[in-house]
Amino acid sequence: MAFLKLLARNRLALAGLIVIGLVVILALITPLLPLADPDVTDTPNRFKPPFSEGAILGTDHLGRDLLSRLLWGTRLSLAMGLAAAIIAATLGSAIGIIAGYYGGRADNIIMRGVDMLMAFPYILLALAIVAALGPGLMNALIAVAAVNVPFFARNIRGVTVGIAHKEFVDAARLGGMRDREIILGEVLPNVLPVIVIAMSTTVGWMILETAGLSFLGLGSQPPQADLGSMLGEARSALITNPHTSIVPGAMILIIVMGINLLGDGVRDALDPRLKSGALSRPMPATSVDRQGAAPAAQTDSLLDIAGLRTEFRVRDRLYKAVGGVDLHVEKGECLGIIGESGSGKSVTALSIMGLVASPPGVITGGAVHFDGKDIIGAPYAELRSLRGRRVAYIFQDPLATLHPLYKVGDQLVEAIQSHEAVSRADARGRAIDLLKSVRIPNAQSRIDSYPYEMSGGMRQRVGIAMALANDPDVIIADEPTTALDVTVQAQILAVLSDLRRARGLAIIFITHDFGVVGQLCDRVAVMYAGRIVEQGPTEDVLRRPQHPYTSRLIECVPTLGGGQRKLAAIPGLPPVVDNLPAGCAFAARCDKAQADCRVGEVGLVATGPARKTRCLYPELSSERGV
């Protein structure tokens, strides 16, 4: 049922399903319809035009009823295409699974044979097979299935290679399961969706290939009709009586187009990455559906976020990823946003420049004032001019954000020329200077390196250089040091700190590590379940945390020279944001929660100079060492 709902969201796929459904129904009920015998000739009534008495679609060169031959031919062509797809999928998938699972010499021998078959054009190979076997419907079926076996074998082999080395397959081997049992019980269920997708997208081509062989007289033999033989017989009368060619040709077009549209929809609906229901390409900017007027700017800050709300609408569920965030960043200031994974940090950062994927993301409230102007819902051209020029991003995984097929210098040059009309030579010179500014040695030679030729720390420095390419006012760094070792992490933080002082940058630094916050940030905001639960100057928050969640996060950070100390763990898990509890979202995990913590709204209130806390019972007196 869920599969059909996802399929129905794709209008083209739904149209294909309706068309193919009607064609299949007609093919199934053809024997029950009061049709003329498709093979009986009536030469005195040859080439009767459409809508003639007794022949709705007219007759062919032998006076046979075109409607009857069309329906019986469609029935045969559909059966041939489906049978060829099933045979090719079964044989090709078996070959691919065996090659991918066993690997080594078996894989090498099998795949070299597949490569040899794929070296021949499909139609020429099919013609050669039919020429060897002789004309006939079954021989055409064998030929079409045979030429498509390599396609399935290569695709399924690629998927199987990745699965064969997974931990659950190793566990099955250690459990004493035989190879046959592992293939049928562990590997096949994981590749079955890929097989179904491949079949759904190739049935149409197999119908075309079968029709092509019949068109050449190598498939269906007279008087038996399929769509290809009908088209072949009518080619001599194409000019004088075009309806004899148009009728079968139009049916081939309808069937193949319908199957291809439906196949694309099946592929999308079975793709786990698209099961969120977002079957369309994300828009260039996040959708905005604000309820009521946007809040006015409250400060003269460079960047002011007021009441920001972002939701993900996935089928019938509503995920409140950001539930009303208020933040501000001054020029030259570094603001740290900290919290557990899933607390809304990254979504908040992406919402600023409208980078949350829509669908399914929607900004439903609040405002983001940059230089005093609200940019939520701004035209795409305006957002595009700001992105990378005035507000830049540094993402967590530079290997995923840098294009693997382009040199890092080319990508830096592109980032510069996207916003400035400068020559390539000047842009390249600036790119070298940028690499030097982020302390990449031998920048003149490194600029011609590909991302895979650089270490993780080097790639992250290139990401920082790209963010600096157009002298932005704000840099949003989304956990840029998480995947790096401690030494490289310290170097990256030092680079960011030096650049901030030298260029007067404002930085929003997203992390889950209070140690990084204490080293780099002037102020810190702690997020939980899509909301700010505490914010203030970094040193004050570290020494005198007021929210129990902040205290627990700090206790999770190991320290040197402080004697033996047990690292605390926060019990439980963060709440799912599509079903947030009433009152304080942290109450279920807090050992100081009272009854009134679970009732009503808990606001973010001022608890001291530049301090705010979302807690009914904040810790206002304790102080800890850092």
Side-chain angles (χ1 to χ4, degrees), residues 286 301-305 308-310 312 321-330 333-357 361 363 366 368 370 387-388 391-398 400-401 456 459-461 463-464 466-468 472-484 488-490 492-497 499-500 505-538 541-542 547 549-550 553-554 556-557 574 577:
T286 309
S301 304
L302 175 63
L303 181 66
D304 186 85
I305 304 171
L308 180 64
R309 296 179 181 272
T310 303
F312 291 95
V322 180
V325 168
D326 297 286
L327 290 171
H328 69 274
V329 185
E330 308 291 344
E333 181 184 33
C334 182
L335 170 68
I337 302 179
I338 191 169
E340 294 172 287
S341 297
S343 60
K345 308 183 301 296
S346 295
V347 178
T348 299
L350 292 173
S351 299
I352 293 172
M353 284 286 112
L355 291 174
V356 176
I363 295 176
V368 175
F370 181 73
R387 294 173 180 172
V391 180
Y393 283 77
I394 303 171
F395 294 100
Q396 181 174 349
D397 184 6
T401 53
R459 286 193 295 266
Q460 194 60 277
R461 292 169 193 244
I464 296 172
M466 190 171 293
L468 295 169
D473 299 302
V474 180
I475 286 183
I476 300 174
D478 190 355
E479 301 191 34
T481 60
T482 299
L484 306 177
V488 178
Q489 182 184 94
I492 296 296
L493 292 178
V495 169
L496 285 174
S497 181
L499 290 171
R500 178 167 70 101
L505 292 171
I507 298 178
I508 298 177
F509 196 95
I510 298 171
T511 183
H512 55 261
D513 187 348
F514 256 115
V516 173
V517 169
Q519 182 177 345
L520 184 66
C521 301
D522 302 311
R523 289 189 303 112
V524 60
V526 183
M527 285 195 73
Y528 185 78
R531 289 185 166 189
I532 302 295
V533 296
E534 182 172 356
Q535 61 176 290
T538 300
V541 172
L542 289 175
H547 198 284
Y549 177 61
T550 308
L553 286 178
I554 295 174
C556 294
V557 180
V577 291

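With contacts defined as side-chain heavy-atom distances shorter than 4.5 Å, the pair Arg523/Val541 does not qualify. Put simply, the side chain of Asp478 reaches to within 4.5 Å of the side chain of Ile510, judged on heavy atoms. A heavy-atom distance below 4.5 Å is found between the side chains of Asp522 and Cys334. The shortest side-chain heavy-atom distance between Ile464 and Leu499 falls under the 4.5 Å cut-off. Inter-residue side-chain proximity for Arg387 and Leu355 is flagged as met; some heavy-atom pair is nearer than 4.5 Å. A heavy-atom distance below 4.5 Å is not found between the side chains of Val526 and Tyr528.
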Walk me through whether Val329 and Val474 qualify under side-chain contact (heavy atoms from CB on, under 4.5 Å). CA-CA 9 Å; Val329 185; Val474 180; 5.6 Å; no

side-chain contact (heavy atoms from CB on, under 4.5 Å) assessment of Val322 paired with Ile363: CA-CA 9 Å; Val322 180; Ile363 295 176; over 6 Å; no

Could you go step by step and tell me if Tyr549 and Glu534 meet the side chain to side chain donor-acceptor pair (under 3.5 Å) rule? CA-CA 9 Å; Tyr549 177 61; Glu534 182 172 356; over 6 Å; no

Does the side-chain contact (heavy atoms from CB on, under 4.5 Å) test come out yes or no for Thr310 and Thr348, once each step is laid out? CA-CA 8 Å; Thr310 303; Thr348 299; over 6 Å; no

I would like to know whether Val347 and Phe312 meet side-chain contact (heavy atoms from CB on, under 4.5 Å); could you show each step before the answer? CA-CA 10 Å; Val347 178; Phe312 291 95; 4.0 Å; yes

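Annotation for Ala392 and Ala467: closest pair CB-O, 3.2 Å, computed over non-hydrogen atoms. Closest non-hydrogen pair, Ala525 versus Ile532, comes out as CB-CD1, 3.9 Å. Closest of all the heavy-atom pairs between Ile475 and Leu468 is CD1-CD2, 3.5 Å. In this structure, Gly463 and Ile394 approach most closely via the heavy-atom pair O-CG1, 4.3 Å. Heavy atoms only, all atoms of each residue included: Thr286 and Gly361 are closest at CG2-O, 3.9 Å.
Taken to the nearest 0.5 Å, the CZ atom of Phe370 stands 10.5 Å off from the CD1 atom of Ile352. Taking CD of Gln519 as the start and OG of Ser497 as the end, the distance is 8.0 Å to the nearest 0.5 Å. Annotation: the span from Met353 atom CE to Ile476 atom CD1 amounts to 7.0 Å, rounded to 0.5 Å. With values rounded to the nearest 0.5 angstrom, Ile338 atom CD1 is found 10.0 Å from Phe509 atom CZ. The NE2 atom of His512 lies 15.0 Å from the CD1 atom of Ile337; values are rounded to the nearest 0.5 Å. Rounded to the nearest 0.5 angstrom, Ile305 CD1 and Asp326 CG are separated by 9.0 Å.
Scanning for side chain to side chain contact (heavy atoms under 4.5 Å, CB included) contacts around Thr538 gives Val517, Cys521, Val524, Leu542, with sequence neighbours left out. For Arg309, there are no salt bridge (charged side-chain N to carboxylate O under 4.0 Å, His left out) partners, not counting sequence neighbours.
Remark: the backbone N or O of Gly339 is paired with a side-chain donor or acceptor of Lys345 at under 3.5 angstrom.
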